[in-house]
Amino acid sequence: VNSAGSARDGIFRACLQAVTAAKEKISTMSSSVKPYADLRRETAARDRGLREKVMRLEQAVGLISDGDHVAIGGCTMSRTPIALVWALIRAAKQNLTISRSITSTEGDLLFVAGVSRHIITSWFTQGIVWGVSKVMRHFTENRLAQFEEWSHMSMGLRYRAGAMGIPFMPSRSMIGSDVAVQVGDQLKTMRCPYTSEEVALVPALNPDVALIHVQRCDAFGNAQLDGLQFMDIDLAMAAKRVILTTERIISNDQIRRRPDHTRIPFFTVDAVVEVPFGAAPHECYGLYEPFYPHLDQYAEWTGTDPIAGAKRYLAEFYYEPSDWAQYLTKLGMAEILAASNRGRSVYND
Amino acid sequence: MTKRQGAPTYTTSELLAVMASRLMKDGQVVFAGIGVPLLAATLAQRTFAPQLTILFEGGTIGPFIVPGELPPSTNEQRCTRRANMVLPITDVLLLLQRGYVDVGFMGGAQIDRFGNLNSSFIGDPSHPKIRLPGTGGGNDISSLTHMIVAMKHEKRRFVSKVDFITSPGWIRGFQSRQDSGLTHGGMWRVVTDLAVIGFDEERREMKVLALHEGVRREQVIDNTDFDILFGADLEVTRRPDHFELEVLRELDPQRLYTA
């Protein structure tokens with residue numbers, strides 16, 4: 001009996017050692033996925049009361065720390081939270097990791113202003129009609145900054161996994177391509193335990209802060225989005241903190257009249273800033289289309305000498321204006337009127 | 001009224017749009033990129049495929065394009081005009097994975113003999129000569145459904161091996177796509193200003209199926225940087241007709257995508 005007992009103990013000890021070794025191996029594995037315990041602790045620590053969160057732009061960007069992972073809402077030139085990008089750059093934030101579904105001019109400016117050296121996205125240039133961004137090219141080709149490329153659906157599934165509180169999402173995309181090779185062991189594959197098929201496992205993204213621009217929300221942060229939603233709802237659910245800019249603040253009574261229109265619940269939101277034309281010169285669905293002449297001018301300035309052009313743009317539109325109203329004045333009334341006229345045309349029928 | 005006399009003249013982009021539109025089938029669900037793909041899908045809708053549905057990556061199901069208001073990307077409000085539904089980006093892309101999409105349709109910067117597309121790097125990815133904008137949804141669309149690509153036929157674009165596989169075609173030919181885990185879809189047709197190209201059933205290499213009127217075999221060979229296969233019964237495509245060109249010009253009066 002004794003000898004059998006000691007043999008059992010021996011096996012038990014060996015198993016324990018193996019488990020400990022495996023645990024150590026796992027803990028040293030490089031992973032961008034936030035441990036679930038941290039995710040829950042951070043969420044539990046947030047003030048989720050129904051409270052007012054209205055503040056100024058400058059206060060809102062104060063919620064962002066150097067080194068944070070900041071996710072930007074909207075897509076390409078749509079509902080980009082430009083006012084927050086503007087305030088981030090003016091506040092000279094440093095070493096931010098930026099992520100977005102598709103990145104446009106705001107990515108150029110975050111590189112040139114020295115706010116970020118690392119952008120995670122699926123596509124990065126001002127827009128098809130203006131060709132390949134020379135600013136993005138300068139930074140990536142000279143290895144001054146990283147453009148980490150994931151497929152668009154993978155970006156979406158990464159935010160969604162983050163929003164769902166799970167470490168990864170299985171996917172049938174990206175496998176077999178060099179996009180997968182390029183991200184290295186950040187993208188793992190596995191044989192499905194149910195069907196034995198090979199699937200990709202895209203890792204969750206839980207940004208430190210999500211910046212989202214909406215058409216309207218109340219003072220608590222209940223937000224309504226018109227038109228295309230992009231990845232914004234998942235962004236709000238995945239992030240540790242959410243800063244909303246809104247074209248206008250409406251009453252909670254108005255929200256409660258149409259709760260089916262609310263897309264982002266107040267308890268995910270940490271700050272609400274009312275910023276009319278807060279996505280200009282990009283578009284905001286139903287209100288204004290992109291400011292095309294202005295964006296042509298940006299492409300022209302950055303087309304000849306990308307860095308000097310972008311710096312000139314930053315000086316004139318980001319650093320010189322004393323406030324958002326002055327920024328809009330610089331964009332010009334004629335452009336605002338034309339963009340608004342086109343914006344409202346989506347409701348013509 | 002435009003006089004319908006003589007042979008119509010057209011630009012390269014118009015030729016691509018017309019030839020690509022004829023590859024659509026009525027009732028299909030088509031995931032379309034901006035530019036020639038969107039014009040081609042809309043042209044098909046307005047000529048012979050009224051039940052064709054367009055999906056946009058930005059999150060739109062079934063829009064009708066307003067003439068003269070072509071969207072600058074798949075993500076602006078113009079993409080939603082008279083649509084049946086708007087939905088989040090991730091969910092519209094997941095329709096590909098679920099299998100609701102018949103054809104993905106986009107342009108390309110560089111393609112190889114196996115139909116792999118590169119829109120990420122020209123040159124060595126670790127020291128690229130040019131950093132391109134990347135995949136967007138291109139990788140997802142080409143991983144999950146059958147593809148039509150429309151592009152100009154030039155030697156520097158039709159290469160033996162792409163510098164970087166952004167959007168997978170038949171990978172290295174034969175069974176390699178299936179073996180890499182991509183069980184569905186694959187490159188179906190490449191439409192150029194010279195020819196309509198398919199892929200050999202077994203080798204999964206580019207094979208010319210039809211030449212456009214007036215195009216010689218040698219022109220295709222001279223503008224392709226690898227030995228391209230030719231089908232046994234090579235066809236000649238029908239020229240774009242007056243009606244097809246009229247529809248295109250009505251859709252894009254400013255010649256944003258058809259100049």
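Numbered from 1 within each chain, the chains take letters A, B, ... in sequence-line order.
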(request) Name the region of A:Leu157, side chain, backbone, both or neither, that has any atom closer than 4.5 Å to a heavy atom of chain B. (result) both
(message) Under 4.5 Å from any heavy atom of chain A, what part of B:Leu94 do you find: side chain, backbone, both or neither?
(response) both
(request) Decide, yes or no, whether a salt bridge links B:Arg78 with B:Glu76 under the criterion of side-chain N to carboxylate O below 4.0 Å. (result) no
(request) Under 4.5 Å, counting heavy-atom pairs only, tell me which of B:Gly59, B:Pro72, B:Gly35, B:Pro168 racks up the most with chain A. (result) B:Pro72
(message) For chain B, which candidate among A:Thr76, A:Asn142, A:Asp226, A:Val129 shows the most heavy-atom pairs at distances under 4.5 Å?
(response) A:Thr76
(message) Testing the 3.5 Å rule here: is there a donor-acceptor pair between the side chains of B:Gln110 and B:Asn118?
(response) yes
(request) Output the residues of residues 162-172 of chain A for which the shortest heavy-atom distance to chain B is under 4.5 Å, in residue-number order; output 'none' if no such residue exists. (result) A:Ser171, A:Arg172
(message) Side chains of B:Thr166 and B:Ser120: any donor to acceptor distance under 3.5 Å?
(response) yes
(message) Strictly distance-based, threshold 3.5 Å: is any side-chain N or O of A:Asp178 a donor or acceptor partner for the main-chain N or O of B:Ile165?
(response) yes
(request) Please look at A:Tyr292 and chain B and tell me whether the side chain, the backbone, both or neither of the residue comes under 4.5 angstrom of a heavy atom of that chain. (result) side chain
(request) Could you have a look at A:Met77, A:Glu289, A:Arg79, A:Gln229 and say which one has the most heavy-atom pairs with chain B under 4.5 angstrom? (result) A:Glu289
(request) Using atom types as modelled and distance alone, determine if a side-chain donor or acceptor of A:Gln215 lies under 3.5 Å from a backbone N or O of A:Tyr285. (result) yes
(message) Suppose a student defines contact as a heavy atom less than 4.5 Å from any heavy atom of chain A. Which residues in residues 173-188 of chain B would they list?
(response) B:Ser180, B:Gly181, B:Leu182
(message) Do B:Val36 and B:Glu14 have side chains that approach each other closer than 4.5 Å (heavy atoms only, starting at C-beta)?
(response) no
(request) Would you mind telling me which of A:Glu197, A:Glu198, A:Arg160, A:His282 has the largest number of heavy-atom pairs within less than 4.5 Å of chain B? (result) A:Arg160
(request) Report yes if the side chains of A:Phe230 and A:Ile102 come closer than 4.5 Å at any heavy-atom pair, otherwise no. (result) no
(message) Would you say A:Tyr288 and B:Gln77 are linked by a side-chain donor-acceptor pair, where the criterion is simply a distance under 3.5 Å?
(response) no
(request) State, with a plain yes or no, whether a side-chain heavy atom of A:Leu205 is found less than 4.5 Å away from one of A:Met155. (result) yes
(message) Tell me if a side-chain donor or acceptor on A:Glu106 pairs with a main-chain N or O of A:Val85 at a distance below 3.5 Å.
(response) no
(message) Please rank A:Gly131, A:Ser173, A:Gly176 by heavy-atom pairs under 4.5 Å with chain B and give me the top one.
(response) A:Ser173
(message) I'd like to verify something: which residue of B:Asp91, B:Val162, B:Thr74 has the highest number of heavy-atom pairs under 4.5 Å with chain A?
(response) B:Asp91
(request) In plain terms, say whether A:Lys134 and A:Glu141 are close enough for a salt bridge, that is, a side-chain N and a carboxylate O under 4.0 Å apart. (result) no
(request) Name, in order of residue number, those residues of residues 123-151 of chain B that have a heavy atom at a distance of less than 4.5 Å from a heavy atom in chain A; otherwise write 'none'. (result) B:Pro125, B:Ser126, B:His127, B:Pro128, B:Lys129, B:Ile130, B:Arg131, B:Leu132, B:Pro133, B:Gly134, B:Thr135, B:Gly136, B:Gly137, B:Asn139, B:Asp140, B:Ser143, B:Leu144
(request) Look only at the side chain of A:Ser104 and the backbone of A:Gln126, and say whether a donor-acceptor pair between them is shorter than 3.5 Å. (result) yes
(request) Indicate yes or no: at least one non-hydrogen side-chain atom of A:Met231 is less than 4.5 angstrom from one of A:Cys75. (result) no
(request) Check for a donor-acceptor pair, side chain of B:Arg157 on one end and backbone N or O of B:Ala109 on the other, with a separation under 3.5 Å. (result) yes
(request) Check whether the side chains of A:Ser78 and B:Asn75 place a donor and an acceptor atom closer than 3.5 Å, and report yes or no. (result) no
(message) When you compare the side chains of A:Tyr159 and A:Ser101, does any donor N or O come within less than 3.5 Å of an acceptor on the partner?
(response) no
(request) Name, in order of residue number, those residues of residues 337-348 of chain A that have a heavy atom at a distance of less than 4.5 Å from a heavy atom in chain B; otherwise write 'none'. (result) A:Arg342, A:Gly343, A:Ser345, A:Val346, A:Asn348
(message) Under a 3.5 Å threshold, yes or no: a donor from one side chain and an acceptor from the other, between A:Arg137 and A:Thr125?
(response) no
(message) Taking B:Tyr257's backbone N and O only, do any of them form a donor-acceptor pair with B:Asp252's side chain (distance below 3.5 Å, no angle check)?
(response) yes
(request) Report the option among A:Ala180, A:Ser151, A:Gly156 that has the most heavy-atom pairs separated by less than 4.5 Å from atoms of chain B. (result) A:Ser151
(request) Name the region of A:Trp130, side chain, backbone, both or neither, that has any atom closer than 4.5 Å to a heavy atom of chain B. (result) neither
(message) Within the 4.5 Å heavy-atom criterion, are B:Phe56 and B:Cys79 side-chain neighbours or not?
(response) yes
(request) Return the option, out of A:Ile175, A:Asp234, A:Val181, with the maximum number of heavy-atom pairs under 4.5 Å with chain B. (result) A:Ile175
(request) Please say which of A:Arg216, A:Arg258, A:His261 ends up in a side-chain hydrogen bond (donor to acceptor under 3.5 Å, both in side chains) with A:Gln224. (result) A:Arg216
(message) If you define the side chain from C-beta out and look only at heavy atoms, does anything of A:Val112 sit under 4.5 Å from A:Val135?
(response) yes
(message) We want to know whether A:Gln182 and A:Glu148 form a side-chain donor-acceptor pair, criterion being a heavy-atom distance below 3.5 angstrom.
(response) no
(message) Please confirm whether the ring centroid of A:Phe147 lies under 6.0 Å from the ring centroid of A:Phe111.
(response) no
(request) Answer with side chain, backbone, both or neither: which region of A:Met136 has an atom nearer than 4.5 Å to a non-hydrogen atom of chain B? (result) side chain
(request) Counting only heavy atoms closer than 4.5 Å, note whether A:Ser177 contacts chain B via side chain, backbone, both or neither. (result) both
